[in-house]
Amino acid sequence: MDTEKKVIFSGIQPSGDLTLGNYLGAIKNWVRLQEDYDCYFCVVDLHAITVKQVPKDLRRRTLEVLSIYIAAGINPEKATLFIQSHVPSHSEASWLLTCNSYIGELGRMTQYKDKSKKMGDSINAGLFVYPVLMAADILLYNADLVPVGKDQKQHLELARDIAERFNKAYSPTFTIPEGYIPPAGAKIMDLQDPTKKMSKSTDNPNGCILIMDSPEVIRKKVSRAVTDSIGIVNYTEDQPGVQNLINIICAIKNISPEEVVKSYEGKGYADLKKDAAEIIIAELSPLQEKVKGLLDNKEYLESIYKKGAEKANYISQKTLRKMQKKIGFIPR
Ligand code: TYM
């Protein structure tokens with residue numbers, strides 16, 4: 001039956017502790033979409049090493065990310081959950097696609113430009129070719145849909161360009177993937193600087209709510225969220241801090257900004273913050289309990305990621321063999 005369904009691929013890097021942005025921009029939508037698609041959800045550890053990692057933290061986070069997928073409601077009996085480094089075709093396909101990518105297009109990626117501004121010449125080459133590995137992830141499964149936050153839109157467009165180029169240079173090989181960017185949680189902003197996206201790699205932990213933050217910490221961070229001096233709860237670009245809190249509420253409760261604004265008529269930011277914190281806590285607390293339980297059951301996690309890798313290996317190898325054949329490699 002599954003083969004008739006359209007395919008979803010998405011992934012998250014275990015490069016830092018996951019944030020509310022990762023949850024609302026990605027995971028929560030995967031849960032919504034999983035019934036209607038044949039889903040592949042990957043913990044992209046190969047991507048994570050583009051930034052220096054402490055080995056034991058990388059191991060811990062890889063299992064934590066997998067646990068978060070399951071605790072959030074991804075059904076491991078239906079979706080394929082796996083760890084990227086367990087499926088060698090990702091690295092192999094990535095090289096084949098690298099030779100079909102241009103330095104110009106990779107150099108135009110905003111995330112790369114931002115990072116290279118900070119790091120200069122000592123930026124590692126992995127950060128440069130990183131979007132090609134992401135393209136390999138997606139194209140190997142012939143994904144139709146890729147649910148991600150807004151920050152990944154440019155990388156996804158590149159994956160489409162690379163796929164079209166390969167299809168044209170050889171013959172139709174890859175499905176051209178579409179993005180799925182959620183209406184409300186597409187870009188959750190930093191609580192301390194609402195002009196910046198909330199990020200795992202932030203220097204200011206107060207700006208970032210982690211999925212595993214305790215209720216006390218969440219209350220503290222939200223109560224200190226930067227707002228403005230206007231003092232009226234409105235959904236406008238001129239009030240980015242307030243807009244961000246409204247977006248968070250909308251993404252969790254699946255309601256519109258207008259509904260939120262209406263319910264705060266005559267009330268102030270203190271009420272909005274208090275409610276936002278409790279809404280976040282109510283959403284994350286049950287998930288956190290499940291994550292803790294799953295992390296105590298390493299054997300179960302192992303059975304999931306091994307089974308996932310088996311299927312992912314099978315499917316991705318088929319595409320990789322096609323690519324190799326078309327390129328002109330002698331079959332093994
Ligand atoms: P990563 O690990 O940075 O983020 C994982 C997912 O979370 C989304 N996201 C956000 N959404 C809303 N607001 C935010 N503040 C926020 N921060 C992050 C991201 O858009 C993403 O969907 N390159 C990818 C990982 C990746 C991938 C893939 C994704 C590798 N291969 C193939 C899709 C398909 C990344 O670094 O995501």
Side-chain angles (χ1 to χ4, degrees), residues 7-30 33 39-51 53 58 61-62 64-65 68-69 72 82-85 87 90-91 93-94 97 109-112 114-115 126-127 129-160 162-163 177-202 207-211 240 243-244 247-248 250-252 312 316:
V7 175
I8 276 185
F9 186 99
S10 201
I12 298 185
Q13 299 189 59
S15 52
D17 293 330
L18 296 203
T19 72
L20 186 65
N22 298 131
Y23 178 69
L24 296 178
I27 303 171
K28 196 170 166 69
N29 308 299
W30 304 354
L33 294 164
C39 295
Y40 295 83
F41 297 123
C42 185
V43 184
V44 292
D45 54 350
L46 297 172
H47 277 99
I49 62 163
T50 52
V51 185
Q53 298 294 329
L58 181 60
R61 281 201 225 97
T62 301
E64 188 172 285
V65 174
I68 289 174
Y69 291 179
F82 68 104
I83 298 170
Q84 192 185 27
S85 64
V87 183
H90 290 241
S91 310
S94 179
L97 296 178
M109 295 293 110
T110 320
Q111 279 194 4
Y112 172 75
D114 290 349
K115 288 194 172 147
L127 279 169
V129 288
Y130 164 117
V132 185
L133 177 60
M134 178 164 162
D137 296 342
I138 297 166
L139 302 180
L140 278 170
Y141 300 87
N142 281 303
D144 297 282
L145 198 69
V146 183
V148 284
K150 207 168 165 186
D151 62 328
Q152 294 301 318
K153 194 166 174 251
Q154 200 186 23
H155 290 158
L156 191 67
E157 275 158 14
L158 181 73
R160 290 166 56 93
I162 294 174
E178 298 284 337
Y180 173 92
I181 296 181
K187 196 166 185 189
I188 302 300
M189 308 309 271
D190 186 290
L191 299 180
Q192 289 298 309
D193 177 358
T195 61
K196 248 177 43 188
K197 82 162 183 181
M198 186 182 281
S199 164
K200 307 182 199 97
S201 55
T202 181
C208 179
I209 294 177
L210 302 178
I211 292 183
Q243 194 176 42
N244 191 34
N247 274 334
I248 291 172
C250 292
I252 295 177
S316 61

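Start at 1 and go down the list; that is how both ligands and their atoms are numbered.
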Practice problem: Decide, yes or no, whether a salt bridge links Arg61 with Asp17 under the criterion of side-chain N to carboxylate O below 4.0 Å. | Solution: yes
Exercise. Mark up the atoms of ligand 1 that fall under 4.0 Å of a heavy atom belonging to Tyr130, in ascending order.
Key: 23 (N), 24 (C), 35 (C), 36 (O)
Quiz prompt | All salt bridge (charged side-chain N to carboxylate O under 4.0 Å, His left out) counterparts of Lys150, not counting sequence neighbours | solution = none
Quiz item: With a cut-off of 4.0 Å, which atoms of ligand 1 are near a heavy atom of Phe9?
Solution: 32 (C), 34 (C)
Self-check item: Selected option - heavy-atom contact closest to atom 14 (C) of ligand 1, from Ala48, Pro14, Ser10, Gly21
Solution: Gly21
Quiz prompt | Check: Tyr112 ring centre within less than 6.0 Å of His155 ring centre | solution = no
Quiz prompt | Short side-chain to backbone donor-acceptor contact, Gln53 and Ala48, under 3.5 Å | solution = yes
Exercise. Counting heavy atoms only, name the option from Val43, Ile188, Ile248 that's nearest to atom 15 (N) of ligand 1.
Key: Ile188
Quiz item: What is the minimum heavy-atom distance between Tyr69 and Ile12, and which atoms define it?
Solution: OH-N, 3.2 Å
Quiz item: Any N or O of Gln152 that comes nearer than 3.5 Å to an N or O of ligand 1?
Solution: yes
Exercise. Do me a favour and list the nearest non-hydrogen protein atom to atom 20 (O) of ligand 1 with residue, atom name and distance?
Key: Asp151 OD1, 2.4 Å
Quiz item: Below 3.5 angstrom, do we get any N/O pair linking Lys150 and ligand 1?
Solution: no
Quiz item: So among Val87, Asn142, Asp137, which one has a side-chain contact (heavy atoms from CB on, under 4.5 Å) with Ser316?
Solution: Val87
Quiz item: His155 to ligand 1: N or O pair under 3.5 Å?
Solution: no
Quiz item: Based purely on interatomic distance, does Gly149 place a nitrogen or oxygen under 3.5 Å from a nitrogen or oxygen of ligand 1?
Solution: yes
Self-check item: Any side-chain heavy-atom pair of Ile188 and Ile209 under 4.5 Å
Solution: no
Self-check item: Contact (N/O only, under 3.5 Å) between Asn22 and ligand 1
Solution: yes
Practice problem: Say whether Gly11, considering both its backbone and side-chain N or O atoms, lies within less than 3.5 Å of an N or O atom on ligand 1. | Solution: no
